[in-house]
Amino acid sequence: QVQLVESGGALVQPGGSLGLSCATSGFTFSAYAMVWYRQAPGKQREFVGRISSSGGRDYASFVKGRFTISRDNAKNTAYLQMNNLKPEDTAVYYCNVLGVSANWGQGTQVTVSS
């Protein structure tokens, strides 16, 4: 009964910034790594980045320092802060948890366009 609810997606201009949230329930949030993915039209879902239970982070190479994953264990929420957005960042963004059986949430749409 894991629940994952993404929010914060919007239309932004190239070079803009956007913060996404992933509110969770149904598991002990602080004990697990959280991961962000994205899926653009006609493309496979791809890894964006993850944050471990201890706060360690790793990212896909296309991030190139632009994105930051964080978590607030008191709020059972993971975050993805995206800066210097590019049109190729346009996608539906999803979060998930590693090591717990969970269905995908609905995702949140990020559109980068002028």
Side-chain angles (χ1 to χ4, degrees):
Q1 64 267 36
V2 173
Q3 187 173 1
L4 306 166
V5 181
E6 301 92 346
S7 63
L11 172 65
V12 296
Q13 295 183 4
S17 297
L18 194 62
L20 307 182
S21 296
C22 172
T24 76
S25 61
F27 66 103
T28 304
F29 178 83
S30 62
Y32 292 92
M34 295 297 298
V35 60
W36 285 93
Y37 299 87
R38 69 186 188 186
Q39 188 166 27
K43 301 291 186 180
Q44 293 264 79
R45 182 167 52 227
E46 65 179 345
F47 171 81
V48 175
R50 69 176 179 177
I51 182 167
S52 74
S53 60
S54 60
R57 301 170 175 89
D58 63 271
Y59 301 95
S61 61
F62 61 74
V63 169
K64 299 185 72 173
R66 299 181 297 128
F67 296 0
T68 302
I69 295 174
S70 61
R71 64 191 298 155
D72 186 337
N73 289 341
K75 297 180 178 179
N76 296 333
T77 301
Y79 303 94
L80 179 65
Q81 178 64 45
M82 304 182 291
N83 300 321
N84 192 24
L85 284 161
K86 304 175 180 180
E88 53 263 43
D89 294 320
T90 295
V92 178
Y93 284 71
Y94 301 89
C95 64
N96 216 316
V97 55
L98 300 181
V100 177
S101 180
N103 293 325
W104 294 98
Q106 294 300 114
T108 186
Q109 176 72 51
V110 173
T111 302
V112 184
S113 177
S114 59

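Without hydrogens or angle criteria, Glu6 side chain to Cys95 main chain gives a donor-acceptor distance under 3.5 Å. Arg57 places a side-chain N or O within donor-acceptor distance of the main-chain N or O of Ile69, the cut-off being under 3.5 Å.
Tracing side-chain contacts under 4.5 Å through hydrophobic residues (I, L, V, M, F, W, Y), one never reaches Tyr94 starting from Val110; they form parts of separate clusters. Val35 and Val63 are not part of a single hydrophobic cluster, where members link through side-chain heavy atoms under 4.5 Å apart. Residue Val97 is not grouped with residue Val92 when hydrophobic side chains (ILVMFWY) are merged at heavy-atom distances under 4.5 angstrom, including chains of intermediate members. Linking Ile, Leu, Val, Met, Phe, Trp and Tyr whenever their side-chain heavy atoms come within less than 4.5 Å leaves Leu20 and Val5 in two separate clusters. Phe47 and Leu98 end up in the same hydrophobic cluster when Ile, Leu, Val, Met, Phe, Trp and Tyr side chains are linked at under 4.5 Å.
The shortest side-chain heavy-atom distance between Arg66 and Met82 does not fall under the 4.5 Å cut-off. Contact annotation: the side chain of Phe62 never approaches that of Lys86 to less than 4.5 Å [non-hydrogen atoms, C-beta and beyond]. Counting heavy atoms from C-beta on, the side chains of Leu11 and Gln109 never come closer than 4.5 Å.
Shown here for Val2 and Ser101, the closest heavy-atom pair between the two residues is CG2-O, 3.6 Å. Between Asp89 and Asn84, the shortest heavy-atom distance links the atoms OD2-O, 4.5 Å. Taking every heavy atom of both residues into account, Ala91 and Ala40 meet most closely at CB-N, 3.8 Å. Residues Asp72 and Phe29 come closest through the heavy atom pair O-CE2, 3.8 Å. Residues Asn96 and Ala102 come closest through the heavy atom pair OD1-CB, 3.7 Å. Taking each heavy atom of Arg71 and Ala33 in turn, the nearest pair found is NH1-CA, 4.0 Å.
Each of Leu80, Thr24, Thr77 was scored for a side-chain contact (heavy atoms from CB on, under 4.5 Å) with Met34, with one residue passing: Thr24.
Heavy atoms from other residues, nucleotides or ligands lying under 6.0 Å from CD of Gln106 number 12 at most. For Gln13, the CD atom sits in a loose shell: 12 or fewer heavy atoms of surrounding residues, nucleotides or ligands are nearer than 6.0 Å.
Residues Trp36 and Phe67 keep their aromatic ring centres 6.0 Å or farther apart.
With 3.5 Å as the limit, one finds no donor-acceptor pair spanning the side chains of Thr111 and Ser113.
In this structure, Tyr93 OH and Arg45 CZ are separated by 14.5 Å, a value rounded to the nearest 0.5 Å. One finds the OG atom of Ser7 at 9.0 Å from the OH atom of Tyr79 (value rounded to the nearest 0.5 Å).
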